[in-house]
S.K.: 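Attaching a single structure in structure tokens format; questions to follow.
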Amino acid sequence: MTATLKEAARQAVDRHAEELIALSERLHADPETAWEEHRAAATVPELLDRTGFEVTSSYLGLDTAFHARFGSGPVRIALCAEYDALPGLGHACGHNLIAASAVGAALGLAQVADETGLTVEVYGTPAEEGGGGKIEMLERGAFADVDLAMMVHPAPVDVAEARPFAVSHSKISYTGKSAHAAAYPEAGVNAADAFTVAQVAIGLLRQQLPPSSRVHGVVTHAGDAPNAIPERSSGRWYVRAETLAELAELEPRVMRAFEAGALATGCDLEIEPESKPYAEFRTDETALGHYRANALARGREFAPPGQAARMNRASTDMGNVSQVVPAIHPYIGIGSLPATNHQHEFAAYCVGGTAQRALLDGAVALAWTGVDRSVPTGAAAP
């Protein structure tokens, strides 16, 4: 019975293969960054709407989120569609493929929803790249009572288990006082120097940090003219740790480095969280076992441990979802090596032959995993 259901789901994905590929390519060609994904949020659910899903736009009051639902069975399977792009890099993390594979998996599961006692849901989740869209959705009631939440993320190679860091995202701003850099330098308070002091302090701090932690960021503004003391500077900084508990201990130490920059220069400092922290991932081992078997059945090959222990450490707000409901977040390879995520070269690999195969394999493997989850308790249970 399970094999029959999986075959029906696969056929449904295959019937829509051209539309799914076109969706992915359309998103790729028109990247929108966090909280600005207005065109993507309208485009991604179009195929779901045409195939009988009940679609809610501006879901939970978030302009670029959506929710789509099919069926009324007791087992609720959620597919997460990400579609935000990276500033300056476009879809260099492959969220165009995430969205299209989520839609494809939902179409496959909708085909067998009645037989398996399923309710199929697609969550359009904005602002994963630093904005914490899923956290906002969780706080507004999304994912309540879901039995399994899933997505598949592009990577250079296939990796089954996600092990992302917990992470905080902060906007750092210094305010000083401008002055002529040659005539009256003593009248200035240099906001760019404050960042220099802070970054030196962070560099020295790293020697005393746990080896698994990460501290990194960019200065986004540090002055306007070389002959004027910069009166304002700003940047974005991430702090990562193995767990939220470890992050809570580490982050204050890093923030003191920014305080040192203010103290040394006389600037005022403002630290503003860009979102609530992303959590570490709690994997549903049973569902992950199903996904691994289903991906292998599709001809996928998982990377050896050395390669696997890289991209699966990247942080995601799907970690917060996994703390609330059972979840998996496998990675699917697009054959991009040596190009890796967040590189222009990786973005180029997120369309074309290997990307198309990954999209369809990911959609089918997720759909089959949903079948595996539902059949033991669904109407078609043997």
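Every heavy atom of this structure was used, including side-chain atoms; hydrogens, water molecules and symmetry mates were not. Throughout, numbering of the chain's residues begins at 1 and tracks the sequence. Bear in mind that the values here come from a model prediction, so they are computed numbers and not experimental data.
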S.K.: Determine which pairs satisfy salt bridge (Lys or Arg N to Asp or Glu O under 4.0 Å) with at least one residue from residues 79-94, sequence neighbours left out, and list them in order.
M.R.: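 Those involving residues 79-94 are E82-K134.
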S.K.: What I want to check is whether the side chains of D193 and T265 have a donor and an acceptor closer together than 3.5 Å.
M.R.: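 Absent: no donor and acceptor within the cut-off.
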S.K.: Are Y278 and M318 connected in a single hydrophobic cluster, I mean Ile/Leu/Val/Met/Phe/Trp/Tyr linked by side-chain heavy atoms less than 4.5 Å apart?
M.R.: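 Unlinked, M318 and Y278 end up in two clusters.
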S.K.: Tell me, please, which residues at least two apart from T196 pass side-chain contact (heavy atoms from CB on, under 4.5 Å).
M.R.: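 T196 satisfies side-chain contact (heavy atoms from CB on, under 4.5 Å) with no residue once adjacent residues are dropped.
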S.K.: Say you draw a straight line from OG1 of T243 to CD of E280; how long is it, rounded to the nearest 0.5 Å?
M.R.: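 These two atoms lie 5.0 Å from each other.
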S.K.: Once side chain to side chain donor-acceptor pair (under 3.5 Å) is applied, what residue pairs with a partner in residues 48-68 remain, sequence neighbours excluded?
M.R.: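 Sorted pair list: E19-R50, E37-T64, H67-E121.
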S.K.: Could you check whether R26 pairs with E46 (Lys NZ or Arg NE/NH1/NH2 to Asp/Glu carboxylate O, under 4.0 Å)?
M.R.: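 Yes, this pair counts.
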S.K.: Would you say F281 ends up clustered with V321 if hydrophobic residues are merged whenever their side chains have heavy atoms under 4.5 Å apart, either directly or through other cluster members?
M.R.: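 Yes; F281 is reachable from V321 via cluster members.
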S.K.: Does N341 use its side chain to pair, donor to acceptor, with the backbone of P154 at less than 3.5 Å?
M.R.: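 The answer is yes, because a donor-acceptor pair under 3.5 Å joins these two groups.
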S.K.: Any donor and acceptor pair, going by atom type alone, linking the side chain of D158 with main-chain N or O of G333 inside 3.5 Å?
M.R.: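 Yes; judged by distance alone, with no hydrogens or angles, the pair exists.
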S.K.: Holding to side-chain contact (heavy atoms from CB on, under 4.5 Å), I want the full list of residues that pass it with A279, two or more places apart in sequence or in another chain.
M.R.: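 Result, side-chain contact (heavy atoms from CB on, under 4.5 Å) vs A279: L244, N320, Q323.
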S.K.: Using the test ring-ring contact (aromatic ring centres under 6.0 Å, His included), find all partners of Y291 that sit at least two apart in sequence or belong to another chain.
M.R.: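 Scan of Y291 (ring-ring contact (aromatic ring centres under 6.0 Å, His included), adjacent residues dropped) gives none.
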S.K.: Applying salt bridge (charged side-chain N to carboxylate O under 4.0 Å, His left out) to D224 and R232, what does each step give before you reach the verdict?
M.R.: CA-CA 9 Å; D224 298 299; R232 290 186 177 84; over 6 Å; no
S.K.: Could you give the distance from CG (N96) to OG1 (T43), rounded to the nearest 0.5 Å?
M.R.: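 Output value for this atom pair is 12.5 Å.
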S.K.: Step by step, would you call L62 with R140 a side-chain contact (heavy atoms from CB on, under 4.5 Å)?
M.R.: CA-CA 10 Å; L62 297 170; R140 299 181 188 208; 3.5 Å; yes
S.K.: Donor-acceptor pair, R282 side chain versus V324 backbone, under 3.5 Å?
M.R.: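 Side chain of R282 to backbone of V324: no pair is present.
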S.K.: Within the 3.5 Å criterion, strictly below it, is a donor on T220 or S234 matched to an acceptor on the partner's side chain?
M.R.: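 Yes, because at least one side-chain N or O of T220 sits under 3.5 Å from a partner of the opposite role on S234.
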S.K.: Taking the side chain as C-beta and beyond, is there a heavy-atom pair between M150 and I77 under 4.5 Å?
M.R.: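 When only atoms from C-beta onward are counted, I77 and M150 do touch, with a gap below 4.5 Å.
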S.K.: Check each of H169, E128, R240 against S315 using the side-chain hydrogen bond (donor to acceptor under 3.5 Å, both in side chains) test, and report the only one that passes.
M.R.: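 With S315 as partner, side-chain hydrogen bond (donor to acceptor under 3.5 Å, both in side chains) holds for just one option, R240.
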S.K.: Is a side-chain donor-acceptor pair under 3.5 Å present for R236 with S170?
M.R.: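 No, R236 and S170 have no side-chain donor paired with an acceptor closer than 3.5 Å.
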S.K.: Where do V75 and T119 land on the side-chain contact (heavy atoms from CB on, under 4.5 Å) test, with the steps shown first?
M.R.: CA-CA 6 Å; V75 181; T119 296; over 6 Å; no
S.K.: For R39, is there an ion pair with D30 - N to carboxylate O distance below 4.0 angstrom?
M.R.: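 Counted as a salt bridge, because a side-chain N and a carboxylate O are separated by less than 4.0 Å.
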S.K.: Say whether, by atom type as modelled, one donor and one acceptor occur between the side chain of S233 and the main chain of A191 under 3.5 angstrom.
M.R.: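 A pair under 3.5 Å: yes.
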S.K.: Any salt bridge between E139 and K276, counting N to O under 4.0 Å?
M.R.: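 Salt bridge: yes.
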S.K.: Check whether any side-chain N or O of T116 sits under 3.5 Å from a backbone N or O of V112 as a donor-acceptor pair, and report yes or no.
M.R.: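 Side chain of T116 to backbone of V112: a pair is present.
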S.K.: Assess whether atom CG of N227 is packed by more than 12 heavy atoms of other residues, nucleotides or ligands within 6.0 Å.
M.R.: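 Counting other residues, nucleotides and ligands, CG of N227 exceeds 12 neighbours.
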S.K.: If you define the side chain from C-beta out and look only at heavy atoms, does anything of I332 sit under 4.5 Å from L97?
M.R.: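 SC-SC contact between I332 and L97 ruled out.
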S.K.: Between atom CD1 of I328 and atom CG of L148, what is the distance when rounded to the nearest 0.5 Å?
M.R.: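 Nearest 0.5 Å value for the CD1-CG distance: 6.0 Å.
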S.K.: Test of understanding: clusters of I, L, V, M, F, W, Y form through side-chain heavy atoms closer than 4.5 Å, transitively. Do L79 and F66 belong to the same one?
M.R.: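 As far as the 4.5 Å side-chain criterion goes, F66 and L79 are connected within one cluster.
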S.K.: Run the side-chain contact (heavy atoms from CB on, under 4.5 Å) check on L288 and E161 step by step: do they pass?
M.R.: CA-CA 7 Å; L288 185 66; E161 183 179 10; 3.8 Å; yes
S.K.: Could you name each residue pair satisfying ring pair (Phe, Tyr, Trp, His ring centres under 6.0 Å) that touches residues 178-212, not counting sequence neighbours?
M.R.: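 Counting only pairs at least two positions apart or across chains, the ring pair (Phe, Tyr, Trp, His ring centres under 6.0 Å) contacts touching residues 178-212 are Y174-F195, F195-W237.
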S.K.: Verify the cluster assignment for V120 and L23: are they in a single hydrophobic cluster under the rule of side-chain heavy atoms below 4.5 Å apart?
M.R.: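 As far as the 4.5 Å side-chain criterion goes, L23 and V120 are connected within one cluster.
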S.K.: Should side-chain heavy atoms under 4.5 Å link Ile, Leu, Val, Met, Phe, Trp and Tyr, which residues sit in the same cluster as L89?
M.R.: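 Listed partners: L86.
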S.K.: Which atom pairs, one a donor and one an acceptor, fall under 3.5 Å between side chains of residues 347-366 and the rest of the protein, sequence neighbours left out?
M.R.:
from, atom 1, to, atom 2, distance (Å)
T354, OG1, I334, O, 2.8
Q356, NE2, E25, OE2, 3.4
R357, NE, D361, OD2, 2.9
R357, NH2, G299, O, 3.2
D361, OD1, R298, NE, 3.0
D361, OD1, R298, NH2, 2.9
D361, OD2, R300, NH1, 2.9

S.K.: Side chains of K177 and I229, heavy atoms from C-beta outward: is any pair under 4.5 Å?
M.R.: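 No, their side chains stay 4.5 Å or more apart.
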S.K.: Angle between ring planes, F70 versus F53, binned at 30° and 60°: parallel, tilted or perpendicular?
M.R.: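 Rings of F70 and F53: tilted, as their planes differ by 30° to 60°.
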S.K.: Only counting residues at least two apart or in another chain, list the ones meeting ring-ring contact (aromatic ring centres under 6.0 Å, His included) with H16.
M.R.: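 Testing H16 for ring-ring contact (aromatic ring centres under 6.0 Å, His included), a comparison that skips the adjacent residues, returns none.
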S.K.: Apply ring-ring contact (aromatic ring centres under 6.0 Å, His included) to H95 and list each qualifying residue two or more places apart in sequence or on a separate chain.
M.R.: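 By the ring-ring contact (aromatic ring centres under 6.0 Å, His included) rule, H95 matches H153.
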S.K.: Taking atom CD of E186 as the centre, does the number of heavy atoms from other residues, nucleotides or ligands within less than 6.0 Å exceed 12?
M.R.: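 Atom CD in E186 is crowded, with more than 12 foreign heavy atoms closer than 6.0 Å.
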S.K.: If you look only at distance, which donor and acceptor atoms sit under 3.5 Å apart when one is on a side chain in residues 247-264 and the other is two or more places apart or in another chain?
M.R.:
from, atom 1, to, atom 2, distance (Å)
E251, OE2, S168, OG, 3.0

S.K.: Between Y83 and H91, does the ring centroid distance fall short of 6.0 Å?
M.R.: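 Between Y83 and H91, the centre distance exceeds or equals 6.0 Å.
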S.K.: Is there a donor-acceptor pair under 3.5 Å between the side chain of W368 and the backbone N or O of K6?
M.R.: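 Yes: the side chain of W368 pairs with the backbone of K6.
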S.K.: In terms of hydrophobic clusters joined by side-chain contacts under 4.5 Å, are V215 and V219 together?
M.R.: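 They do share one cluster, since a chain of ILVMFWY contacts under 4.5 Å joins V215 to V219.
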S.K.: Under 3.5 Å, side chain of T316 to main-chain N/O of G319, donor-acceptor pair present?
M.R.: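 Looks like no, no N/O pair under 3.5 Å.
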S.K.: Got a sec: does the CD of Q208 have more than 12 other heavy atoms crowding it under 6.0 Å?
M.R.: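 Yes - once you tally the heavy atoms of other residues, nucleotides and ligands closer than 6.0 Å, there are more than 12.
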S.K.: So does T340 get a backbone contact from the side chain of Q343, meaning a donor-acceptor N/O pair under 3.5 Å?
M.R.: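 Confirmed, Q343 side chain pairs with T340 backbone.
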S.K.: Does anything in residues 24-51 pair up under ring pair (Phe, Tyr, Trp, His ring centres under 6.0 Å), and if so which pairs, sequence neighbours excluded?
M.R.: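 Matches after skipping sequence neighbours: none remain.
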S.K.: Hey, mind stepping through Y238 and R214 against side-chain contact (heavy atoms from CB on, under 4.5 Å) and telling me if it holds?
M.R.: CA-CA 8 Å; Y238 290 6; R214 303 285 188 273; over 6 Å; no
S.K.: Using a 3.5 Å distance criterion without hydrogens, assess whether the side chain of E242 forms a donor-acceptor pair with backbone atoms of F165.
M.R.: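 A pair under 3.5 Å: no.
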